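What follows is a short report on a single structure.
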Amino acid sequence: MADFDLSANFIPSLHKPASLLPIARHRQNLLYLIETFPVTIVVGQTGSGKTTQIPQYLEQAGWCSDGKVIAVTQPRRVAATTVAVRVAEEVGCEVGKEVGYSIRFEDVTSAATRIKFLTDGLLLREALVDPLLSRYSVIMVDEAHERSLSTDVLLGVLKKILKRRPNDLRIIISSATLQAEDFLRFFMGDEDSQPKSNALSLDELISQGSSGPIDDGFGGKTGRIISLEGRMYPVDVLYLESPAENYVDKAVQTVFDIHTKEPDGDILVFLTGREEIDTAVQAISERAANLHPRAQQIMPLPLYAGLSTEQQMYIFEEAPENTRKVIFSTNIAEASITIDGILYVVDTGFVKLRAYNPLTGIETLTATPISKASATQRAGRAGRTKPGKCFRLYTEASYQALSEATIPEIQRSNLAPVILQLKALGIDNIARFDFITSPPAELVIRALELLYSLGALDDYAKLTKPLGTRMAELAVEPMMAKTLLSAPSFGCLSEILTIAAMTSLGGNVFFHHDGEKKKMETARRKFAVEEGDHITLLNVYQAFITKGQKGSKFCHDNFLNFKAMTRAVSIRAQLKRYLERFGLSVDETLSSNPNLQKPLTVGGKDKGEQIRRCLTSGFFAHAAKMQPDGTFRNVAGGTVLHAHPSSLMFNRKADWVIFHEVMETGTKTFIRDVTKIEKRWLVEYAPDFYKIS
DNA sequence: GAGCACTGC
């Protein structure tokens, strides 16, 4: 490109321009494929209109005529709601009438609803009640290429359902990348799963526009792949000639090069986390001060999930005159948040990924090289409004060495919740369940062991009744589910309900603006108790419902996250409904003690102790002992654990503790939500797990 | 002294 003189050490490489044909051209072909085959794989770029148009085509073609519903699943709640709103507008109805959505805590559907958007996790929940998902004539799984845990489980369940409903159910899998063949092969089943030796190439398999579907061997009677063009502009991709030593420095340098040498247009930089982003924003601010006052200015903005919605909104605002916006973002901008007006993407080539170590039971969070699919997705963010450029801060050889796609979550997660859910759906033999990608055996074994030790599974790995079935129905992780279900016998169900709701907020309870860290600490101390974090969280909730629920002032004064607290109220109410359905009554009078910082006694027993005993009955696998140096060791003794700085145990003395969560980041392993217990309780509540020594 | 992104009738 003639105007490219940014820096000699970038090598240009052209991206294939996408045409701008609308999806309407494919309408007849799409309907033909969906009518003819049980499974249709739709490969559609961003802006192809697949999510909004396909459900409408289906509805108009009569797929809802006998009162059936079209379901479209999304991996994220926001996507389900925003797409529903847009489609309702196009159809010309109110949301919740012909077009609706359903996400946890928000069911905006009615008897009139024909097109329903929902999260894939929620559709899986529906399968617990209606195992064949019989109210749906078509189920479209959107964004399947993201391969989230729920999407993968749902795909396996849908394949099973399809065998029972071969004639009246249609499945559409929509995916942005060319993993289409994998999805189709997955659904092809046993008869025709072996592609014939004369199998056609992928290009031939894809049914192109008006040329009509090809009736070759691949896909057999199962399905076809159709490709839709997106409304994307070409993006020039440029690589480094030699690797960068420090990608944060290199990113800052590249941003300045773009700023001084390239035409107007905002910049999006992909980094891995908050710390890097803050560093980069700081560096840009400092260097921006040296810009000539009359030269174009530069405005750095951070973007990560930990920011409040208000702070995230800044990135959508138009920059002041004569100012270029540069957004430093985590992976959140790769799929979850779309920003218009980006002409330049700077891709450092890294992402922080979660993984679960089945040997230690510890989750890790580490910066990892991205996949080619990710790199393509990131580059595409530069071509949404006009032709753009993507600067990859790695060499073309490094790019070639990247894996094709990110390892799906099902291969790197704690599978205890997944397996519990599958068992509840009547899938007993996990080893023979048809996963699109099988999880490693070690992960499955570890999960089965944990579920067995919690009493959710019997000696034959069958779900126990009622404990196992009830645990599966509760929307909390297995250890917390067990804690909740044993709470009645400790006389502290109301309190454990609150603790379950608060811990599921995931550390978002306290919240502070810049420079108010100390004040936040002081505020937190007001709720703190000797026993640890769990009862402290209980106190926070109690104070919130008695003083703070009506307005956000109480939260503001106490450095609490109002949105998170409101969510805790919803979660608690939902969990309570489940427990009452199980016939467990929740006595709320006991929990209204105004001063939990004083030891509570109920019926001669110390309430705080009952709560801690109850927590031990569910979290015995998460036990640790404090060492003289203030760190913790797990029971096996091998792993050094640190109390997370947000924990009360960060600077207090303890002996034995249980914790809600453990995660390794960088070089340290942190435990969060930590509560003191007695060693003998471990043996008392988990005699099989802790052999008496 | 500090955690990527999601999610559950």
Side-chain angles (χ1 to χ4, degrees), chain A residues 73-80 101-109 116 118-130 135 143 146-154 270-278 303-307 329-337 350-355 363-368 370 374 406 409 412-413 417-418 420-421 424 472-478 480-481 500-501 504-508 510 512 517-518 520-521 567 570-571 573-575 577-578 581 630 642-647 650-651 661-672:
Chain A
T73 72
Q74 296 290 328
R76 281 170 292 279
R77 293 160 55 95
V78 268
Y101 68 88
S102 191
I103 58 178
R104 191 183 187 186
F105 306 129
E106 265 181 84
D107 183 12
V108 188
T109 62
K116 173 170 160 184
L118 73 174
T119 51
D120 38 24
L122 196 53
L123 188 61
L124 271 176
R125 291 254 144 199
E126 285 189 9
L128 281 178
V129 184
D130 176 10
R135 49 192 300 221
E143 313 286 0
E146 288 187 23
R147 302 292 306 274
S148 76
L149 211 45
S150 310
T151 303
D152 272 23
V153 175
L154 181 62
F270 285 99
L271 292 167
T272 71
R274 179 186 189 147
E275 202 180 323
E276 285 175 6
I277 289 169
D278 290 344
L303 176 63
Y304 44 86
L307 293 173
S329 173
T330 61
N331 222 35
I332 193 170
E334 192 181 302
S336 308
I337 291 182
F350 284 90
V351 64
K352 268 191 195 165
L353 275 191
R354 250 186 215 247
E363 256 185 340
T364 56
L365 186 61
T366 36
T368 316
I370 59 169
S374 240
T406 309
E409 277 184 337
R412 51 184 170 87
S413 302
V418 170
L420 192 59
Q421 193 168 34
E473 283 194 54
L474 289 168
V476 287
E477 324 92 285
M480 189 52 91
S504 52
L505 300 177
N508 291 318
F510 288 94
H512 68 94
K517 217 165 26 176
K518 275 215 162 140
M520 184 186 89
E521 292 303 318
R567 187 173 164 80
S570 303
I571 296 173
Q574 191 186 51
L575 292 173
R577 279 201 301 278
Y578 271 96
R581 200 186 303 161
H642 299 262
H644 191 272
S646 67
S647 170
F650 178 67
N651 48 18
E661 198 184 29
V662 51
M663 183 175 273
E664 184 189 325
T665 58
T667 52
K668 276 187 178 174
T669 305
F670 292 104
I671 52 177
R672 284 186 67 113

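Below, read A as the first sequence line, B as the second, and so on, with proteins coming before strands; counting in each chain starts at 1. Predicted model only: the values in this text are computed from it and were never measured.
Looking at the side chain of A:Ile103, the nearest of the listed nucleotides B:dA5, B:dG1, B:dG8 is B:dG8. In the set B:dA2, B:dG8, B:dA5, B:dA2 carries the atom at the smallest distance from any side-chain atom of A:His644. The listed nucleotides are B:dA5, B:dA2, B:dG1; the one nearest the side chain of A:Phe670 is B:dA2. Picking from B:dG8, B:dA5, B:dG1 the nucleotide with the shortest atom distance to the side chain of A:Glu409 gives B:dA5. For A:Ala305, the side-chain atoms get nearest to B:dA5 when compared with the rest of B:dA5, B:dA2, B:dG8.
At the heavy-atom level, A:Phe105 lies nowhere under 4.0 Å from the strands shown. Within the 4.0 angstrom heavy-atom criterion, base atoms lie near A:Arg104. Within 4.0 Å (heavy atoms only), A:Leu353 reaches no atom of the nucleic acid at all. Using a 4.0 Å heavy-atom distance criterion, A:Ser336 is classed as a sugar-phosphate-only contact.
Each of A:Ser646 and A:Glu473 was assigned the nucleotide of DNA chain B with the nearest heavy atom; the assignment lying further toward the 5' end belongs to A:Ser646.
For the atom pair CG (A:Leu118) and CD (A:Gln74), the distance works out to 9.0 Å, reported to the nearest 0.5 Å.
Partners of A:Glu664 by side-chain hydrogen bond (donor to acceptor under 3.5 Å, both in side chains), not counting sequence neighbours: none found. In this structure A:Ser102 satisfies the side-chain hydrogen bond (donor to acceptor under 3.5 Å, both in side chains) test together with A:Asp107, sequence neighbours excluded.
Atom CG in A:Leu154 sits roughly 15 Å away from atom C1' in B:dC6 (whole-Å rounding). Regarding A:Leu505, its CG atom lies at a distance of 14 Å from the P atom of B:dG8, rounded to whole Å. A straight line from CE of A:Met663 to C1' of B:dC6 spans 13 Å, rounded to a whole angstrom. At whole-Å resolution of the value, CE in A:Met520 and P in B:dA2 are 14 Å apart. With rounding to whole Å, A:Asn651 atom CG is found 14 Å from B:dA2 atom C1'. To the nearest angstrom, P of B:dC6 lies 18 Å from CD of A:Glu477. Taking atom CG of residue A:Leu123 and atom C1' of nucleotide B:dT7, one finds them 14 Å apart after rounding to whole Å. In this entry the distance linking CG of A:Asp120 with P of B:dG8 reads 9 Å, nearest Å.
Taking all atoms of both residues into account, the shortest heavy-atom contact from A:Tyr101 to A:Thr109 is O-CG2, 3.5 Å.
In terms of phosphate contacts, A:Thr330 brings a side-chain nitrogen or oxygen within less than 4.0 Å of OP1 or OP2 of B:dA5. For the OP1/OP2 pair of B:dG8 and a distance below 4.0 Å, the side-chain nitrogens and oxygens of A:Thr119 include at least one atom meeting the criterion.
With 3.5 Å as the limit, one finds a donor-acceptor pair spanning the side chains of A:Glu276 and A:Thr272.
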